[in-house]
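Remarks on the structure that follows.
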Amino acid sequence: MSQILVTGGTGFIGSHTCVELLANNYEIIVVDNLSNSKEAAVDRIEKISGKNIKFYQADICDYEKMTAIFKENDISAVIHFAGLKAVGESVQKPLEYYTNNIYGTLILLRAMRENGCKRIVFSSSATVYGMNNKAPYTEDMPTSATNPYGYTKVMIEQILRDCCVSDKEMSVVALRYFNPIGAHKSGLIGEDPNGIPNNLVPYIAQVAAGKLQQLSVFGDDYDTPDGTGVRDYIHVVDLAAGHVCAIEYAEKNTGFEAVNLGTGNGSSVLEVVAAYEKACGKPINKRIAPRRSGDIATCFADASKAKKLFGWEAKSDINEMCADSWNFTKLNPNGIE
Ligand code: NAD
Ligand code: UD1
């Protein structure tokens, strides 16, 4: 069977997707520069799946290296996770974000073109729905952004659309993830952020583990049932399964498709805290804090396109997501090492 190149494959979503691809008998090649993950993730993926993978520690911005990787292997499709993803940091370091995410993608696309590889599944984000649409989000809504990270996703989607216009044999699926959380049931892989987490569930996990004192709930005066922000949390293993479906779809179809990967349901911050308390069996110390700038009240997917195109649906509920997050946190007090 031909091979799938997974960029950013040692990261949070990439590592779970590698496990799903291997379980579906795909041969995979991982490229990661380890800027936000550790090589130990490779051993863990291999341990879960009982299969070996080929790993290159390389930067997608390195054209020579990327073309060499295509020449050495028989790559039929790419799943492109590699990118920087912290919204706040992107405001501080726009040039780093535009270079890494956009220039890196252009280099990857050139290396693909050079080697006749025409299929790519791209990690986009619900962030492309911006501040002006109303949930549930459908893929045909206008896209926009409010920060450099978000702009990289909007711009890369446009670049990929343009590639499909210029080459009718190209096949692109841009997967718009909602809020991925949770971890593999084995507890061997999960989310392992550097420094103090920005996102809700990794932050709660560290409060539960006693590493952080208190969760700040960013606003309780939103127009939502309990006043706190509502998001569409999706189990990372469900998300990973969506990538296998997207690859299968890309093998049979050409052109550009944007597809939401979400559950279609929203949970509030306080609901997530309650689910986590149930999972870890202790109270999460919290206080109500001011709203975080750039946040919206409610964000959740219309997930019907993924069901129609791929036959894919998320399976796990918020309790299972929190239980798996806590299992990973307990088993890996120092992260993946
Ligand atoms: P992650 O940081 O865990 O994984 C990204 C991986 O890419 C890391 O292992 C990092 O070392 C690698 N990487 C970064 N720049 C690279 C480069 N130039 N060359 C090679 N490797 C590079 O993040 P994640 O949560 O797994 O996210 C994966 C993708 O999904 C990202 O593109 C992210 O923007 C997107 N996304 C994530 C979320 C989320 O909540 N986690 C939501 C929407 C979209
Ligand atoms: C954030 C990013 C989004 C990105 C996504 C995945 C912002 C504004 N948005 O989404 O672009 O695609 O992460 O990386 O950064 N919350 C708290 N306390 C906390 C942390 C979060 O109350 O300590 C609340 C937030 O206000 C929000 C919810 O929890 O209502 C989820 O927040 P988070 O996990 O950061 O995800 P998003 O903001 O949805």
Side-chain angles (χ1 to χ4, degrees), residues 6-17 30-39 41 56-62 65-66 79-91 96-97 99-101 103-105 107-108 122-131 145-147 149-150 152-153 156 175-181 190-194 196-204 206-207 212 214-220 222 224 228-234 236 239-240 261 266-270 272-273 286-300 336:
V6 184
T7 75
T10 46
F12 173 44
I13 307 169
S15 58
H16 289 82
T17 301
V30 169
V31 171
D32 202 298
N33 66 0
L34 303 178
S35 60
N36 198 36
S37 58
K38 304 201 187 81
E39 194 170 346
Y56 292 90
Q57 182 174 349
D59 197 301
I60 56 161
C61 297
D62 182 343
K65 186 76 197 171
M66 292 309 291
I79 307 187
H80 179 32
F81 294 102
L84 299 173
K85 63 163 183 176
V87 172
E89 187 185 57
S90 81
V91 177
E96 280 78 358
Y97 271 67
T99 304
N100 193 75
N101 293 7
Y103 178 74
T105 302
I107 293 296
L108 173 67
F122 170 62
S123 298
S124 189
S125 167
T127 198
V128 302
Y129 292 111
M131 312 276 283
T146 52
N147 56 70
Y149 166 74
T152 69
K153 297 298 181 194
I156 293 168
L175 295 175
R176 295 177 176 166
Y177 312 150
F178 281 70
N179 291 57
I181 60 167
E191 194 165 11
D192 183 16
N194 282 331
I196 298 176
N198 300 307
N199 296 116
L200 179 65
V201 171
Y203 200 103
I204 296 178
Q206 295 204 8
V207 174
L212 292 171
Q214 190 177 53
L215 171 73
S216 296
V217 175
F218 296 143
D220 68 349
Y222 284 106
T224 60
T228 66
V230 167
R231 297 290 183 274
D232 186 342
Y233 298 93
I234 171 164
V236 65
L239 194 73
L261 291 185
S267 303
S268 73
V269 175
L270 295 179
V272 176
V273 170
K286 61 177 188 302
R287 70 174 183 112
I288 304 299
R291 292 182 178 193
R292 179 173 69 180
S293 104
D295 276 356
I296 51 173
T298 302
C299 170
F300 62 92
I336 294 174

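In each ligand, atom 1 is the first atom listed, and ligand 1 is the first ligand listed. When reading the values below, keep in mind they use all heavy atoms of this one structure, side chains included, and skip hydrogens, waters and symmetry mates. All values derive from a computational prediction rather than experimental measurement.
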Practice task
I would like to know whether Y177 and S123 meet side chain to side chain donor-acceptor pair (under 3.5 Å); could you show each step before the answer?
Solution key: CA-CA 7 Å; Y177 312 150; S123 298; 2.7 Å; yes

Fill in the blank from the handout: of all protein heavy atoms, closest to atom 34 (O) of ligand 2 is L200 N, 2.8 Å

Completion exercise
Distance col, row F300:CZ vs N179:CG, nearest 0.5 angstrom, shows 13.0 Å

Practice task
State whether a side-chain donor-acceptor pair under 3.5 Å links S216 with R287.
Solution key: yes

Problem - Those atoms of ligand 2 less than 4.0 Å from some heavy atom in S125 - result: 12 (O)

Exercise for the section: Would you mind listing which atoms of ligand 2 come within a distance below 4.0 Å of any non-hydrogen atom of T127? Expected result: 11 (O)

Exercise for the section: List every atom of ligand 2 that sits less than 4.0 Å from any heavy atom of V217, numbering the atoms from 1 in the order shown and giving each element. Expected result: 22 (O)

Exercise for the section: Kindly write out the residues that satisfy salt bridge (charged side-chain N to carboxylate O under 4.0 Å, His left out) with K153, not counting sequence neighbours, or none if the list is empty. Expected result: none

Exercise for the section: Compute the shortest N/O to N/O distance between R231 and ligand 2 and return yes if it is under 3.5 Å, no if not. Expected result: yes

Practice task
Specify the protein heavy atom at minimum distance from atom 8 (C) of ligand 2: its residue, its atom name, and the distance to 0.1 Å.
Solution key: D295 OD1, 3.3 Å

Problem - Per-atom contacts of ligand 2 with G229, taking only distances under 4.0 Å to non-hydrogen atoms - result: 30 (O)

Problem - Structural part of Y149 in contact with ligand 2, heavy atom criterion under 4.0 angstrom - result: side chain

Problem - Set of salt bridge (charged side-chain N to carboxylate O under 4.0 Å, His left out) partners for E96, sequence neighbours left out - result: none

Problem - Cation-aromatic face contact R291/Y222, 6.0 Å, 45 degrees - result: yes

Exercise for the section: Report yes if the side chains of R176 and V128 come closer than 4.5 Å at any heavy-atom pair, otherwise no. Expected result: yes

Practice task
Decide whether an N or O pair under 3.5 Å exists between V269 and ligand 2.
Solution key: no

Completion exercise
One finds that the ligand 2 atoms under 4.0 Å from a non-hydrogen atom of N179 are 36 (O), 37 (P), 39 (O)

Handout entry: N or O pair under 3.5 Å between K85 and ligand 2
Key = no

Problem - ligand 2 versus S216: contacting region, heavy-atom distance under 4.0 Å - result: backbone

Exercise for the section: Measure the spacing between CG of L84 and CG of N100 and express it to the nearest 0.5 Å. Expected result: 4.0 Å

Practice task
Have a look at ligand 2 and work out which part of N198, if any, has a heavy atom under 4.0 Å from it: side chain, backbone, both or neither.
Solution key: backbone

Handout entry: Distance in Å, N36 CG paired with T10 OG1, rounded so as to fall on 0.5 Å steps
Key = 9.0 Å

Completion exercise
So OG of S35 and CG of D59: to nearest 0.5 Å the spacing works out to 7.5 Å

Exercise for the section: Assess the side chains of Y149 and E89: does a donor N or O sit below 3.5 Å from an acceptor N or O? Expected result: no

Handout entry: Sub-4.5 Å side-chain heavy-atom contact between T127 and T146
Key = no

Problem - Part of V87 within contact of ligand 2 (heavy atoms, under 4.0 Å) - result: side chain

Fill in the blank from the handout: Checking heavy atoms under 4.0 Å, the part of Y233 that sits near ligand 2 is side chain

Practice task
Test side chain to side chain donor-acceptor pair (under 3.5 Å) on H80 and T105 and set out the steps.
Solution key: CA-CA 8 Å; H80 179 32; T105 302; 2.9 Å; yes

Practice task
May I ask you to check whether F218 has an N/O atom sitting below 3.5 Å from an N/O atom of ligand 2?
Solution key: yes

Fill in the blank from the handout: When distances are taken from atom 38 (O) of ligand 2, the protein heavy atom at minimum range is R292 NH2, 2.7 Å

Exercise for the section: At a heavy-atom distance under 4.0 Å, which protein residues reach ligand 1? Sort them by chain and number, would you? Expected result: G8, T10, G11, F12, I13, D32, N33, L34, S35, N36, S37, A58, D59, I60, F81, A82, G83, K85, N100, S123, S124, S125, Y149, K153, Y177, P180

Exercise for the section: Could you pull out all residues at least two apart from D32 that satisfy salt bridge (charged side-chain N to carboxylate O under 4.0 Å, His left out)? Expected result: none

Practice task
Decide yes or no for F122 and I156: does some side-chain heavy atom of the first lie under 4.5 Å from some side-chain heavy atom of the second?
Solution key: yes

Practice task
Of the side chain and backbone of N199, name the one, both, or neither that has a heavy atom under 4.0 Å from an atom of ligand 2.
Solution key: both

